[in-house]
Trainee: 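Below is one structure. I have some questions about it.
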Amino acid sequence: MISKNDRIIFHIDVNSAYLSWTAVKLLQYGSTHDIRKVPSVIAGDSENRHGIILAASIPAKKLGIKTGDVLWQAKMKCRDLEVYPPDYDWYMKSSRALVDMLYEYSPKIQRYSIDECFMDCSNYRENYVGIAKSLKARISEELGFNCNIGISQNKLLAKMASDFKPKNSVHTLFKDEIEKKMWPLPVGELFMVGRATRTKLTRLNINTIGELASFDVNILKGFLHSQGQLVHDYANGIENSEVRSSNYLDIKGLGNSITIAYDVDNFEEASRILLSLTESTAMRLRENGSLCSLVAVSIKTDTFISYSHQKKLTRSTDCTSEIFEGIKQAFIECWKGENIRQLGVRLTKLSSNEYRQENLFDYVASEKQVKLDTTIDALRKRYGKDSIVRSIFINSGVKAIEGGTGSHSDYPMMGSIL
DNA sequence: TCTGGGGTCCTAGGACCC
DNA sequence: TCTGGGGTCCTAGGACCC
């Protein structure tokens, strides 16, 4: 169990978050039909080639439908599958409501993703399970959705615990429970063992987490390099990272990408889409108070081949037109002329805009650009994203501002590591 | 029949310098 | 003309997460 110097970490995980949150919204708007109780999914529309399952109800899961499946395949498994579109603004509100409630319990909270949080509850030396249960009950009653809470001495084990069945429960996975509760599980269920790693481990005849835990770590490192050490540690429950109150300023990079409803085969069209993506990404960059000095373009072709190319800027900037020049250059340098299915823009090497390095030669011009961007951002914030649109987009068939967890993204996305 | 979008981190290989 | 090795930095791609 818990000893004196142990931390107590909660991991709160909303069950089928998107589906639950849409269900709650429908009920709040007067529906009497709870989509959690029938086969249903949240998915984009196939017509625009966004037809992927983002979340599935438990009845849908029982029919073999899971996140990431293609919509038409899911429909074949269940003829009267109910399909609902995602509503990201609502999901952000729901997520925020959850976090607000968690702050009543502890100030040390790390938002790991839109539907997962770590919370350091080391202050509750006794009855932490009882506290978790009452927290879970409050979330159900006051917010209307269910979650799992995992409890342990570190974040990894707490996260593993919150995956345990049954759903809508509190589970513990303390170090002295690893052997019984975690080691019998298939190795692919360990955090950070994805498909590629699992395949390699299977070749070494490692099939359960317990087999991984007792395997020679040096042999593992030979096959998996640093990943070998990491998963071996995780299989043994070793992980010591802090619950760090996330600061949105310390993101490493940001980007937007879009799968286009049709294949793009000419430069002008691709360029318009890239500008549209640059607009939304640069806006987020400015909102974050950051400058970037490296930009990258990514391309996915109609045959699903992906590649990317990056371009260093001459100085750090948050100016849409400067960033777009870099993006356009990068695209010209790498596009091989295939039909394009998806385009992406990514900004990295971020720094704070407190230390804006002015261009000595056209100081006035760049001053003006900064003011222009700031003004446009303010107008769009006030009157909506489409209130100001570049003339190039009018009648072009391309949305002026494409993609993006725009202003509502007030948490950093999770990393793959804790 | 068709296959999303947002992230972080690591690594192999090439360029360049000494 | 041909030969080496080590260090650093950069890039593209691939691993993982939700």
Trainee: Specify the separation, in whole Å, of atom CD1 of I260(A) and atom P of dT3(B).
Mentor: 13 Å

Trainee: Distance check, C1' atoms only: dG4(C) and dC16(B), in whole angstrom units.
Mentor: 16 Å

Trainee: Choosing from dC2(B), dT11(C), dA12(B), which nucleotide comes nearest the side chain of H309(A)?
Mentor: dT11(C)

Trainee: Categorize D115(A) for me: base, sugar-phosphate, or nothing, with a 4.0 angstrom heavy-atom threshold over every strand shown.
Mentor: sugar-phosphate

Trainee: Does F118(A) have K155(A) sitting over its ring (NZ/CZ under 6.0 Å from centre, angle to axis within 45°)?
Mentor: yes

Trainee: Under 4.0 angstrom, heavy atoms only, what part of the nucleic acid is G253(A) near: base, sugar-phosphate, or nothing?
Mentor: sugar-phosphate

Trainee: Verify the distance criterion only: is there a donor paired with an acceptor across the side chains of S387(A) and R382(A) at less than 3.5 Å?
Mentor: no

Trainee: Which dot-bracket notation, 5' to 3', represents the base pairing of DNA chain C when pairs are defined as Watson-Crick or G-U with both distances under 3.5 Å, crossing pairs as [ ], and inter-strand pairs as |?
Mentor: ....||||||||||||||

Trainee: Taking CG from L54(A) and P from dG6(B), how many angstroms apart are they, rounded to a whole number?
Mentor: 12 Å

Trainee: Base, sugar-phosphate or nothing for G194(A)? Non-hydrogen atoms, less than 4.0 Å.
Mentor: sugar-phosphate

Trainee: If we ignore angles and hydrogens, is there a donor and acceptor under 3.5 Å between the side chains of D302(A) and N339(A)?
Mentor: yes

Trainee: What nucleic acid atoms does L254(A) come within less than 4.0 Å of, heavy atoms only: base, sugar-phosphate, or nothing?
Mentor: sugar-phosphate

Trainee: Can you identify which nucleotide, out of dT11(C), dC18(C), dG6(B), has its nearest atom closest to the S257(A) side chain?
Mentor: dG6(B)

Trainee: When you check the phosphate oxygens OP1 and OP2 of dG5(B), does a side-chain N or O of R49(A) lie under 4.0 Å from one of them?
Mentor: no

Trainee: In a check of salt bridge (Lys or Arg N to Asp or Glu O under 4.0 Å) between K311(A) and each of E322(A), E325(A), E333(A), which one passes?
Mentor: E333(A)

Trainee: Just the rounded figure in Å: distance from P of dT3(B) to CG of D263(A).
Mentor: 11 Å

Trainee: What is the distance, to the nearest angstrom, from the CD atom on Q227(A) to the C1' atom on dT11(B)?
Mentor: 12 Å

Trainee: Give the nucleotide from the list dT11(C), dG5(B), dT8(B) with an atom nearest to the side chain of L294(A).
Mentor: dT11(C)

Trainee: Give the nucleotide from the list dT1(B), dG6(B), dG13(C) with an atom nearest to the side chain of M76(A).
Mentor: dT1(B)

Trainee: For dT1(C), does the O4'-C1'-N9-C4 (purine) or O4'-C1'-N1-C2 (pyrimidine) torsion place it in syn, i.e. within 90° of 0, or in anti?
Mentor: anti

Trainee: Touch check for T197(A), heavy atoms < 4.0 angstrom, all strands: base, sugar-phosphate only, or nothing?
Mentor: sugar-phosphate

Trainee: Rounded to whole angstroms, how far apart are CG on L418(A) and P on dC17(C)?
Mentor: 11 Å

Trainee: Tell me the closest heavy-atom pair linking L212(A) and H232(A), and the distance in Å.
Mentor: O-CD2, 3.3 Å

Trainee: Please say whether the positively charged group of K93(A), taken as NZ for Lys or CZ for Arg, lies over the ring of Y91(A), i.e. under 6.0 angstrom from the six-membered ring centre and within 45 degrees of the axis.
Mentor: no

Trainee: By the rule that syn is within 90° of 0, classify the base conformation of dC2(C) as syn or anti.
Mentor: anti

Trainee: At under 4.0 Å between heavy atoms, what does K200(A) touch on the DNA or RNA strands: base, sugar-phosphate, or nothing?
Mentor: nothing

Trainee: Taking the six-membered ring of Y307(A) as reference, does the NZ or CZ atom of K336(A) fall below 6.0 Å from its centre and within a 45° cone about the axis?
Mentor: yes

Trainee: Please tell me which of the listed nucleotides, dG6(B), dT3(B), dA15(C), lies nearest to the side chain of I52(A)?
Mentor: dT3(B)

Trainee: Counting only side-chain N and O atoms of H225(A), is one of them less than 4.0 Å from OP1 or OP2 of dA12(B)?
Mentor: yes

Trainee: What's the closest nucleotide to the side chain of Y307(A) if the choices are dT3(B), dG13(C), dG4(B)?
Mentor: dG13(C)

Trainee: Using a cut-off of less than 4.0 Å, is there contact between a side-chain N or O of K300(A) and OP1 or OP2 of dT3(B)?
Mentor: no

Trainee: Run E269(A) and Y262(A) through side chain to side chain donor-acceptor pair (under 3.5 Å) and show every step you take.
Mentor: CA-CA 11 Å; E269(A) 179 102 44; Y262(A) 49 91; 2.8 Å; yes

Trainee: Looking only at side-chain atoms of T259(A), point me to the closest of dT11(C), dG5(B), dC16(C).
Mentor: dG5(B)

Trainee: Starting from C1' on dA15(C), measure out to OH on Y234(A) and report it in whole angstrom.
Mentor: 14 Å

Trainee: Any base atoms under 4.0 Å from F304(A), or only sugar-phosphate, or nothing? Heavy atoms, all strands.
Mentor: base

Trainee: For the pair made of CG in D250(A) and P in dT8(B), what is the distance, rounded to whole Å?
Mentor: 9 Å

Trainee: Reckon K159(A) has a side-chain N or O less than 4.0 Å from the OP1 or OP2 of dC18(C)?
Mentor: yes

Trainee: Between dA12(B), dC17(C), dG13(C), spot the one nearest the side chain of M192(A), thanks.
Mentor: dC17(C)

Trainee: Under a 3.5 Å cutoff, is there a donor and acceptor pairing between the side chains of E279(A) and T320(A)?
Mentor: no

Trainee: Both K252(A) and Q342(A) contact DNA chain B. Taking the nearest nucleotide for each, which residue is further toward the 5' end?
Mentor: Q342(A)

Trainee: Specify the separation, in whole Å, of atom CG of L230(A) and atom P of dT8(B).
Mentor: 18 Å

Trainee: Any side-chain N or O of N256(A) under 4.0 Å from OP1/OP2 of dG5(B)?
Mentor: no

Trainee: For E239(A) and S241(A), test the side chains for any donor-to-acceptor distance below 3.5 angstrom and give the result as yes or no.
Mentor: yes

Trainee: DNA chain B: R341(A) or S226(A), which has the more 5' nearest nucleotide?
Mentor: R341(A)

Trainee: With a 4.0 Å cut-off on heavy atoms, is K75(A) in touch with a base, just the backbone sugar-phosphate, or nothing at all?
Mentor: nothing

